[in-house]
Amino acid sequence: MKTKPTQRPTLPQTVLLLASSVLLLALAAHNVNAATQKIPRLANGKPDFSGIWQTTSAADYDLEPHSNRKDAPPSAGVVEGFYLPYLPKALEQKQKNFAERDKLDPALKGYTLGVPRGIYYPEPFQIFQRKQDLTLVHQFGHSVRTIHTDGTGHPKDPYDWWLGDSRAHWEGDSLVVDVKHFNDKTWFDRAGNFHSDALHVVETWTFLDPNTIEYKAHIEDPNVFSKPWDLSVMLYRHREKNFQLIEDYRFTLDYDEHYPPKPDGK
Amino acid sequence: MKYSLPNRPLGRAGLVVLSLLTTHAATAEDAKPTENAAAQPTGAAPAAAPRQPRPLKLGGPGIDQERSFKPISSGKWTGPRLADGQPAVQGHWSNTIANHNNFTDPQGGIINDPNPNRVAKGPREERAPSRVSDPADGQVPFQPWALAKVKDFQAHFHDPVQPQYIEPLARCAPAGIPKSLYWHGYQISQYPGYVLFQFNSGTRIIHLDGKPHLPDNIKLWNGDSRGHWEGNTLVVDVTNQNGKALFGRSGEFISENGHIEERYIFSNEERDRYIYQATLTDPTVYTRPFTVTVPARRWSAKDQPNGWHFEVEPANYLGKDTLKEPILDHYERVCAENNGGFGLVAEESAKK
C-alpha cells in the first residue's frame with residue numbers, strides 16, 4: 001500500500017548490480033528525502049497540511065473510466081482496478097442515478113458533498129491545522145469538517161453525519177484518517193456512484209512535495225459493494241497571489257431576490 | 001444503521017429545527033416564576049415592593065443568563081499567547097444575554113408574538129440593555145424608508161405571506177453579522193495568519209495575513225473580513241456584505257453598501273469573557289453610524305452541554321483518562337435547507 005521513502009528494497013546479489021543499484025538508490029533516496037524534508041511541519045514535527053488545495057483530476061465527473069460526454073470530459077478514472085465492485089441490486093440503482101444525474105446529483109442543490117467527494121470536487125478547500133485537529137473548510141457549500149488527531153476515537157453513540165466522524169493518526173509522515181457514521185445523502189461523483197450509511201472510508205494523506213498531496217481513499221460499504229475499493233487523486237496547493245476562499249452558499253440563490261429590503265420602486 | 005433523529009432528541013438537524021421552532025418553550029422554561037412571584041396573587045403585585053427579577057443561572061440551559069454586564073476596555077493583553085504571538089482565545093464561546101428574537105430588547109421576546117410568554121417579563125429596565133449601545137436610546141438610526149421595512153417585517157414575521165417575511169436563517173442561510181454572535185454558541189480557533197469562527201450556520205475566516213479585500217462587486221453573507229490584534233482586541237474590518245442576513249426576528253438589516261468595523265475586546269481580569277463591539281455604517285439605510293455591543297463568555301468542560309450555547313459532548317477517550325484537559329467534540333455544523341418551521345414548511349402550508 002503505502003511506500004515509505006526511507007525504506008530501501010533488498011539489494012540484488014551480483015556485485016556489479018549491487019554497486020550500481022546502491023548508487024541509483026542513494027540518488028533516489030536523496031531526491032525523495034530532499035522533497036520530504038522540505039515539507040512544512042508543525043512545531044511537533046508532524047507534516048503541516050495548512051493551505052488551500054484543489055484537484056486537477058476529472059474524478060468528480062465520474063470515478064470510473066469514461067469517454068467524453070456532453071456533461072463530462074474523458075478520463076481513465078481514479079479507481080484502482082478501474083470499476084466499482086457493485087452488488088447487482090446496487091448496480092441497478094447506480095444506473096438509475098446515472099440516467100437522472102442532471103436532476104438527482106446532490107451537488108446540484110449546493111449541499112455538503114461528503115467524504116471523499118468534497119476532496120476531489122473541482123473547487124478549492126482550505127485546511128487549518130493544529131496539533132489536535134485539522135479543520136477543512138470547503139468553498140463549495142461552505143461545509144466544514146474536523147479531523148481529530150488528539151488520540152480520541154469515534155463516538156460511542158454516534159449520529160449519522162453528512163461528513164462522517166473523522167479520527168486520525170500518523171503513520172510516519174502520512175495522515176491516516178478513519179471516517180464513518182455517515183448518512184446516505186451524498187454521492188461519490190456526478191455519475192451517480194453512491195453509498196449507503198454503512199460507508200466506511202480510510203483516507204491517507206501524504207506530501208509528495210511541499211505543494212502536492214497524494215490523497216488516497218479506501219472505501220468499504222457492504223450494502224453497496226461486493227468488496228472494498230481504492231481511489232487516488234493528487235491535490236495541488238493554490239499559490240496564486242492573494243488567493244482566498246470565497247464563501248459559496250449556493251443553496252441560498254433560489255431566494256436571494258427577496259433580501260435585503262430595498263426602497264420601494266427600486 | 002441508526003439515524004440521529006429517532007435516537008436522540010437533539011440531532012444536528014434537530015437542533016436547528018428545535019432552535020427555530022421552540023423559542024417559546026426555551027424562553028418559557030427560562031422564565032419559570034420564582035417562588036415569590038408564584039406566591040403573589042395574580043395581578044395583585046404590590047406596587048411599592050421592588051420587583052424581584054427572575055433568577056438567572058450562569059451555565060444554565062436558558063438563552064438569557066445575564067441582565068447586565070461589565071464593560072471591558074481595550075488595552076494590553078496580559079494573558080497567554082500562541083506561538084505566533086496572538087492572544088490565546090480559542091474555545092467555545094456564546095453570548096450571555098439572549099438570542100436573535102429581538103435585537104434592541106434582547107430579553108423582550110419576539111415582537112408581535114401571537115403566543116407570548118406566560119410569565120410577564122417585567123419592566124424594560126430589568127431586562128438586558130439594547131444591543132444598540134450608541135445612540136443612547138438603544139434604537140437603530142434607520143432612515144424612514146428602512147424603518148418602515150423593519151416594521152413591515154415585524155408585522156408579518158408570524159404570518160409570512162410573502163417570501164421576504166421568511167427569515168433567511170430559517171432557510172439555513174448564514175446568520176451573518178452581527179447575528180452570528182448571538183444566535184447559538186460558536187467555536188473560535190486560531191492559526192498563524194487566521195482566526196476561524198465556526199458558527200451554527202456558516203463559517204468566517206478572519207484574515208490576519210495582510211491580503212487586500214476582495215473586489216467590491218463580490219457580495220457575501222458573512223462579508224470579507226480582515227483583522228489584526230491591538231493588545232487585547234481583535235479588530236476586524238468587514239466589507240463585501242450582501243446585506244441579506246437580518247439582525248434578528250425583529251428584522252433589522254444593513255445593505256450591500258454597509259461597512260462594519262468590529263472590535264472583539266478580551267478581558268484580562270476574567271479570561272473567559274469578551275465584549276463584541278461593532279460600528280455599522282451605511283448611508284443607504286441609516287442616518288448615522290451606530291454601535292452594537294454583545295457580551296460573551298467562554299464555555300468549558302466545567303459547564304453542562306446544552307442545546308444553545310454549548311453544543312458539545314465529551315470525546316471518546318478510548319480508555320485513556322490521563323489527559324489533563326477533557327476534550328469536547330462539537331456537533332457537525334451542516335444545515336439542510338428549508339428545514340425550519342419558518343422556511344419552506346411555512347411557505348408550503350401557507351399555500352394550502
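Please read all numbers here as calculations on a predicted model, not as lab measurements. Every chain is numbered from 1, with letters handed out A, B, ... down the list of sequences.
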Participant: Less than 4.5 Å to any heavy atom of chain A: does that hold for the side chain of B/Gln90, its backbone, both, or neither?
Facilitator: side chain
Participant: Where on A/Gln129 is there a heavy atom nearer than 4.5 Å to chain B: the side chain, the backbone, both, or neither?
Facilitator: backbone
Participant: Please flag which part of B/Pro192 lies under 4.5 Å from any non-hydrogen atom of chain A: side chain, backbone, both or neither.
Facilitator: neither
Participant: Distance alone, cut at 3.5 Å: any donor-acceptor contact between the side chains of A/Thr186 and A/Trp162?
Facilitator: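 The answer is no; no qualifying pair exists.
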Participant: Would you call A/Arg41 and A/Asp173 a salt bridge, taking side-chain N to carboxylate O under 4.0 Å as the test?
Facilitator: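 Salt bridge: yes.
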Participant: State whether A/Arg117 and A/Asp60 are salt-bridged, where the test is any N-O pair (Lys NZ or Arg NE/NH1/NH2 against Asp/Glu carboxylate O) under 4.0 Å.
Facilitator: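 Judged by the 4.0 Å cut-off on N to carboxylate O distance, A/Arg117 and A/Asp60 do form a salt bridge.
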Participant: For A/Asp256, which atoms come within 4.5 Å of any heavy atom of chain B: side chain, backbone, both, or neither?
Facilitator: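 Contact with chain B: backbone and side chain both.
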Participant: Measure B/Trp145 against the heavy atoms of chain A and call it side chain, backbone, both or neither at under 4.5 Å.
Facilitator: side chain
Participant: Would you call A/Asp264 and B/Lys149 a salt bridge, taking side-chain N to carboxylate O under 4.0 Å as the test?
Facilitator: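 A salt bridge is present here (some side-chain N lies under 4.0 Å from a carboxylate O).
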Participant: Heavy-atom distance under 4.5 Å to chain A: side chain of B/Ile218, backbone, both or neither?
Facilitator: side chain
Participant: Taking atom types as modelled, find out whether A/Ser166 and A/Arg145 have a side-chain donor-acceptor pair closer than 3.5 angstrom.
Facilitator: yes
Participant: Considering only heavy atoms, which portion of A/Thr146 lies under 4.5 Å from any heavy atom of chain B: side chain, backbone, both, or neither?
Facilitator: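 Only the side chain of A/Thr146 comes within 4.5 Å of chain B.
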Participant: Is there a donor-acceptor pair closer than 3.5 Å between any side-chain N or O of B/Asn240 and the backbone N or O of B/Pro215?
Facilitator: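 Looks like yes, one N/O pair under 3.5 Å.
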Participant: Name the option with the most non-hydrogen atom pairs under 4.5 Å to chain A; the candidates are B/Pro212, B/Ala245, B/Ser255.
Facilitator: B/Pro212
Participant: Checking heavy atoms, do the side chain of A/His154, its backbone, both or neither come under 4.5 Å from chain B?
Facilitator: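 The answer is the backbone of A/His154.
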Participant: Counting only non-hydrogen atoms closer than 4.5 Å, does B/Ser189 touch chain A with its backbone (N, CA, C, O), its side chain (CB onward), both, or neither?
Facilitator: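 Interface part for B/Ser189: both.
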Participant: Please flag which part of B/Leu196 lies under 4.5 Å from any non-hydrogen atom of chain A: side chain, backbone, both or neither.
Facilitator: side chain
Participant: So, A/His218 versus A/Asp230: side-chain donor-acceptor pair below 3.5 Å or not?
Facilitator: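 There is such a pair between these side chains.
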Participant: Side chain, backbone, both or neither: which part of B/Gln162 has a non-hydrogen atom closer than 4.5 Å to chain A?
Facilitator: neither
Participant: Please enumerate all residues that pass side-chain contact (heavy atoms from CB on, under 4.5 Å) together with B/Pro80, with sequence neighbours excluded.
Facilitator: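 B/Pro80 satisfies side-chain contact (heavy atoms from CB on, under 4.5 Å) with B/Trp77, B/Ala88, B/Arg271 only.
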